[in-house]
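Inspection log for the structure reproduced underneath, given as structure tokens.
Every chain is numbered from 1, with letters handed out A, B, ... down the list of sequences. What you are looking at is a predicted structure, and each value in this text was computed from that prediction instead of being measured.
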2 protein chains.
Amino acid sequence: MRSNVAKKQLESKTASSAASRPYRIEDQIGYLLRRAHQRASAIFQTGIGDPNITPTQYSSLAKLDEYTELSQNLLGRLVGMDKATMQGVVRRLKERGLVDSRPDPGDARRTLLSLTTEGQRLVNRLLVNGPAVSRETLKPLNPQEQKQLLDLLSRII
Amino acid sequence: MRSNVAKKQLESKTASSAASRPYRIEDQIGYLLRRAHQRASAIFQTGIGDPNITPTQYSSLAKLDEYTELSQNLLGRLVGMDKATMQGVVRRLKERGLVDSRPDPGDARRTLLSLTTEGQRLVNRLLVNGPAVSRETLKPLNPQEQKQLLDLLSRII
DNA sequence: CCCATATCGTTCGTGTACGTACGATGACAC
DNA sequence: GTGTCATCGTACGTACACGAACGATATGGG
């Protein structure tokens, strides 16, 4: 087994040929995204107004509020979720009576999803808290930096 | 139930008092972080060199490579993982023979973790691919923007 | 019309991540 | 010593994300 000194030298040789910086996990984009997402989820959970609603459920409800009626597959594409993941999210929302479904009369493969009255009431309440959650998450940055971060993130998606 | 027009007007009233922008899920920091993290994970999975290693496992292995020996709890703090989550990650790494553990002689509560020879060989191989994964993830941005994004992300963690 | 192809929804398995709760151990005050 | 108190490892349940596979349904080309 190599010593730590030997390790450091090898890392310098392999990783810092161009950028002149050693490769550190804490500086990698994937690591930072995971940590930032963790923190954002925690803030969401405490601030959105209903501890039983998750970020993905919130996105789904908000999209159904916007479009009134959507197939499960299309909803998944709109909120960036795998169809298998979407299936679980929709199942839980239906179990809680927040979302209703009916067969698409024009295409027997599709199921059309919509908000129930209770789901509509809930999403109206949650959407009021949405801006505060985003504000809290971005609080360490000034307005210009916040705008920059949103722009840079949307460009690497 | 309100009409779509009425909905739009209400949203404008509640959300755009200061920022003058309507509240759209796609523009929220939490949503963008989730999507960006999804994409980064996908790139990691295809580029790190071993499809069975996940980002969290990679972070853990890299930290064990850096520190040689760590308690499970401390390792969790270093890579930003809950201790319960850490427990599952370590269990899988031990099952695959990549990590070994021994009781801490000075503190009977602790278990000290270290890389096995096979774990050391694997992490050496994966670390070579790390920079390429990060490069690919950040590819849509120019070098200055990449630096900005890393800086902004680290400041909201 | 019929067959190849694509889409849609579902199910199964794996892995990460969190919250909660529990027992065991060690550190410290008294 | 005895009684907190924090820390550590573990166990259980829930949610999310993905890949793989499947049946049912549409759709377009021959």
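For the pair A:Thr56 and D:dC16, the criterion of a side-chain N or O lying under 4.0 Å from OP1 or OP2 is met. Taking 4.0 angstrom as the limit, A:Arg109 places none of its side-chain polar atoms (N or O) nearer than this to OP1 or OP2 of D:dG23. A close approach under 4.0 Å does occur between a side-chain nitrogen or oxygen of B:Thr111 and OP1 or OP2 of D:dG9. Put simply, B:Arg110 has no side-chain N or O that comes within less than 4.0 Å of OP1 or OP2 on D:dG9. Side-chain nitrogen and oxygen atoms of A:Arg96 include at least one within less than 4.0 Å of the OP1 or OP2 phosphate oxygen of D:dA15. Between A:Gln87 and the phosphate of C:dG9, there is no side-chain N or O to OP1/OP2 separation shorter than 4.0 Å.
Ion pairing between a basic and an acidic side chain is recognised when a charged N comes within 4.0 Å of a carboxylate O; A:Asp151 and A:Arg155 show such pairing.
Backbone-only engagement by B:Arg77 is indicated by non-hydrogen atom pairs under 4.0 Å involving sugar-phosphate atoms exclusively. Backbone-only engagement by A:Met81 is indicated by non-hydrogen atom pairs under 4.0 Å involving sugar-phosphate atoms exclusively. Residue A:Ser41 is classed as having no contact, given no heavy-atom separation below 4.0 Å to the nucleic acid. In this structure, A:Gln57 reaches the sugar-phosphate backbone alone: every heavy-atom distance under 4.0 Å involves primed, P, OP1 or OP2 atoms, never a base. Backbone-only engagement by A:Arg34 is indicated by non-hydrogen atom pairs under 4.0 Å involving sugar-phosphate atoms exclusively. Heavy atoms of A:Ala84 sit under 4.0 angstrom from at least one base atom. Contact annotation for A:Thr85: base contact, defined as any heavy-atom pair under 4.0 Å involving a base atom. B:Arg35 comes within contact range of no nucleotide atom at all, as no heavy-atom separation falls under 4.0 Å.
For B:Asp82, taking side-chain heavy atoms from C-beta onward, the closest of the listed nucleotides D:dT25, C:dG19, C:dG9 is C:dG19.
B:Ser134 and A:Gln28 share a donor-acceptor pair across their side chains, judged by distance under 3.5 Å alone. Judged by distance alone, the side chains of B:Asn124 and B:Gln120 do bring a donor and an acceptor atom under 3.5 Å apart.
Side-chain atoms of B:Thr116 come within 3.5 Å of backbone N or O of B:Leu98 as a donor-acceptor pair.
Separating the CD atom of A:Gln45 from the P atom of D:dC16 is a distance of 11 Å, rounded to the nearest angstrom. For the pair A:Leu112 CG and D:dT25 P, the computed distance is 16 Å after rounding to whole Å.
Place A:Lys94 and B:Asp107 on DNA chain C by their nearest nucleotides, and A:Lys94 ends up nearer the 5' end. Residues B:Gln72 and B:Arg39 each lie close to DNA chain D; by heavy-atom proximity, the contact nearer the 5' end of the strand is made by B:Gln72.
Counting non-hydrogen atoms of neighbouring residues, nucleotides and ligands closer than 6.0 angstrom, the CD atom of A:Glu95 exceeds 12 such neighbours.
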